[in-house]
There are 2 protein chains.
Amino acid sequence: MKFSKGQSCDTCLLKCDIYSTLIKTENGMEENKPLHAILKKHDVICKQGTEVTHAIFLVKGSAKLYIEGLNNRNIILYILKPPAYIGLLSFFDSPFYSYSVTALEESEVCFIELGLVKKLYVENHELLLSLNKAFGKSVTSIMKKIISLNQKQIRGRIAENLIYLSELHNSHSFHLGLSRKEIGEMTAISEENTVRLLTEFSKEKIIATKGRNIEILDMPLLKKISEVG
Amino acid sequence: MKFSKGQSCDTCLLKCDIYSTLIKTENGMEENKPLHAILKKHDVICKQGTEVTHAIFLVKGSAKLYIEGLNNRNIILYILKPPAYIGLLSFFDSPFYSYSVTALEESEVCFIELGLVKKLYVENHELLLSLNKAFGKSVTSIMKKIISLNQKQIRGRIAENLIYLSELHNSHSFHLGLSRKEIGEMTAISEENTVRLLTEFSKEKIIATKGRNIEILDMPLLKKISEVG
DNA sequence: ATATAAAGTTGATATATAACAATGTTACAA
DNA sequence: TTGTAACATTGTTATATATCAACTTTATAT
């Protein structure tokens, strides 16, 4: 992880809610410059169990948000793409992260001191409301995940996940930033069965795979498989 | 569900955050009297998929919060006891509930118009912060639940659930407000296996059961079983 | 008090999925 | 360029857990 404090928000293309609040209020931009960091693949952005000290904003790249469970097994809840708040779910409540986030590729994030964020949203409820909104979205997706993991069987889970990834990439044809093992961690399926199911779907001409490149050939069927469970 | 609008917050013993905000600000108490309701067992308090129109506050009794999944199967996430916000998780984000809540016994709730709550927390961030805090707590507990349901096996899940219920009742000996089927819905275990495990634990002198009364005899062992998975 | 439904129980069987093992393939560093 | 580690694949076996079926007990309503 490479930090730099020179970077100015003025040149940032994303303009997060925190930034817009900062310039709206009389809090100077200069003394509150966020910490900018460039991350390599596999770099840990935040770690389950550690203290929440900054709001983190994903500016570039992508990351996986996951809970570290028993026996070194992870469950990936979702993939983050910019613009996304990372500290979000742990933000208001506990001082400790209840999950971890690591970069899936070369990425960039901003660290904004929690003290500043808190100060800002006491002065400005717009910010708190917008943070809340993003927060709520995550909850809805987590509910869906719980149903999926517990009530669908592996074929349905993989199908659902492929649809999710396709929507994330906005295309029926995309490059997985994820290993088979990680696909397994998103669906709570063993690595071996993940592989088996992907080749099964290939044989059935529902998808086409070439290494980590995936193309969805029969989306309606995939949706059906996902819905049946 | 029996409604009454006569009830005044002044006589309420709980004094929720919304009430304290209401009297702190110049919003009159009289014109903003909440809708008070008395519920019977099994009464639905809010229903997954329906519009969120009120903040709901549980004043008396208890309720189960659950997601309605596939094939009429539910997953109970947790039990609510007063004081508790019910609309919470769906509050900020979506206009629709992502879960359902029903009363487990004769209970009382307050319905506070969402418009009023929103107006209040724009005027008063203290309220928003306190709602947020409660919100965050739920998220943490849901994370735990995901791990439990996906990475522990049924013995560990039942053990964990018995500990949870014991803590909820603040006693090693308590009356379940839940059927065996509902215990199964809390742990994602079939009703039959739920029964089997409870009798198993009884035979092993870890618990003692008499109908829906449960006494935990060996808490350390139960904790061990829960941790091992 | 009796009927009927809901809840609880127990055993036998089926099955989805993980775990194990072995091997092939690709990426990457010395 | 070769060696090493991470990733991917395939077949076999083991097992946890659901499902099915039959039965008992307890509530609830007439």
Side-chain angles (χ1 to χ4, degrees), chain A residues 40-42 64 69-76 102 104-106 148-161 175-203 207-214 225 228-229, chain B residues 40-42 64 69-76 102 104-106 148-161 175-203 207-214 225 228-229:
Chain A
K40 284 182 304 187
K41 192 174 175 173
H42 296 137
K64 59 177 176 180
L70 279 20
N71 304 115
N72 293 317
R73 287 235 171 74
N74 301 328
I75 296 177
I76 299 176
T102 74
L104 288 171
E105 58 187 304
E106 174 148 329
S148 176
L149 295 185
N150 288 288
Q151 302 192 331
K152 289 185 181 180
Q153 40 194 82
I154 55 174
R155 240 177 106 85
R157 299 213 291 273
I158 283 284
E160 184 179 20
N161 200 239
H175 179 85
L176 283 178
L178 303 159
S179 67
R180 312 290 191 216
K181 190 184 171 197
E182 284 171 318
I183 298 288
E185 287 176 342
M186 293 196 79
T187 49
I189 300 175
S190 70
E191 192 185 350
E192 294 94 325
N193 278 332
T194 305
V195 171
R196 258 183 277 266
L197 286 166
L198 288 177
T199 55
E200 208 172 287
F201 281 0
S202 289
K203 280 179 192 158
I207 62 170
T209 62
K210 201 179 174 195
R212 289 194 182 178
N213 291 304
I214 291 195
I225 294 168
V228 170
Chain B
K40 282 182 303 182
K41 193 175 175 171
H42 296 138
K64 58 176 177 182
L70 279 21
N71 303 114
N72 292 317
R73 288 234 169 74
N74 301 327
I75 297 178
I76 300 176
T102 74
L104 288 171
E105 58 186 305
E106 173 149 328
S148 176
L149 294 184
N150 288 288
Q151 302 192 332
K152 289 186 183 181
Q153 39 193 85
I154 54 173
R155 241 177 104 86
R157 299 214 290 274
I158 283 284
E160 184 179 22
N161 201 240
H175 179 84
L176 283 178
L178 304 159
S179 68
R180 311 286 148 142
K181 190 183 171 196
E182 284 171 317
I183 298 288
E185 286 176 342
M186 293 195 80
T187 48
I189 301 176
S190 69
E191 190 185 350
E192 294 93 326
N193 278 333
T194 305
V195 171
R196 257 184 278 267
L197 285 166
L198 288 178
T199 54
E200 206 172 287
F201 280 1
S202 290
K203 279 180 193 156
I207 61 170
T209 62
K210 201 179 173 192
R212 289 195 181 179
N213 292 303
I214 292 196
I225 294 168
V228 170

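Letters go in sequence order (proteins before strands), and every chain restarts at 1.
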| Nearest-nucleotide pick for A:R157, side chain only, options being D:dT10, C:dA7, C:dA18 | C:dA18
| field | Spacing of B:I189 atom CD1 and B:R157 atom CZ [to the nearest 0.5 Å] | value | 5.0 Å
| task | Using only side-chain N and O atoms of B:N193, determine if any of them is under 4.0 Å from OP1 or OP2 of D:dA18. | result | yes
| remark: To the nearest angstrom, the CG-C1' distance between B:L198 and C:dT10 comes to 14 Å
| field | Selection from D:dT17, D:dT10, C:dT9 that lies nearest to any side-chain heavy atom of B:Q153 | value | D:dT17
| said: Measure CG/B:N72 against P/D:dT19 and give the value in whole Å, please. | reply: 13 Å
| task | Calculate the interatomic distance between A:K210 atom NZ and D:dA8 atom P; express it in whole Å. | result | 16 Å
| query | Starting at NZ of B:K181 and ending at C1' of D:dA18, how long is that distance when rounded to a whole Å? | reply | 15 Å
| said: So B:L197 and B:R155, do their side chains get closer than 4.5 Å, heavy atoms only? | reply: yes
| request: Ignoring backbone atoms, test whether A:R196 places a side-chain nitrogen or oxygen under 4.0 Å from the OP1 or OP2 oxygen of C:dA19. | output: no
| message | How many whole angstroms separate atom CD1 of B:I189 from atom C1' of D:dT19? | response | 15 Å
| N/O (side chain, B:R212) to phosphate O (OP1/OP2, C:dG8) under 4.0 Å | yes
| note | From CD of B:E200 across to P of D:dT17 the rounded distance in Å is 11 Å
| field | Side-chain heavy-atom pair A:T102, A:K64 within 4.5 angstrom cut-off | value | yes
| said: Tell me if the side-chain of A:E191 makes a donor-acceptor pair with the base of D:dC7, cut-off 3.5 Å, by modelled atom types. | reply: no
| request: Have a look at B:S190 and say if it touches a base, only the backbone sugar-phosphate, or nothing, with a 4.0 Å heavy-atom cut-off. | output: base
| Single hit among B:N161, B:I154, B:I76 for side chain to side chain contact (heavy atoms under 4.5 Å, CB included) with B:T187 | B:N161
| message | Within the 4.5 Å heavy-atom criterion, are B:E200 and B:I158 side-chain neighbours or not? | response | no
| query | Touch check for B:R73, heavy atoms < 4.0 angstrom, all strands: base, sugar-phosphate only, or nothing? | reply | sugar-phosphate
| What is the distance, rounded to the nearest whole Å, between atom CG of A:L197 and atom C1' of C:dT17? | 10 Å
| remark: B:N213 CG to D:dT26 P, in whole Å, measures 13 Å
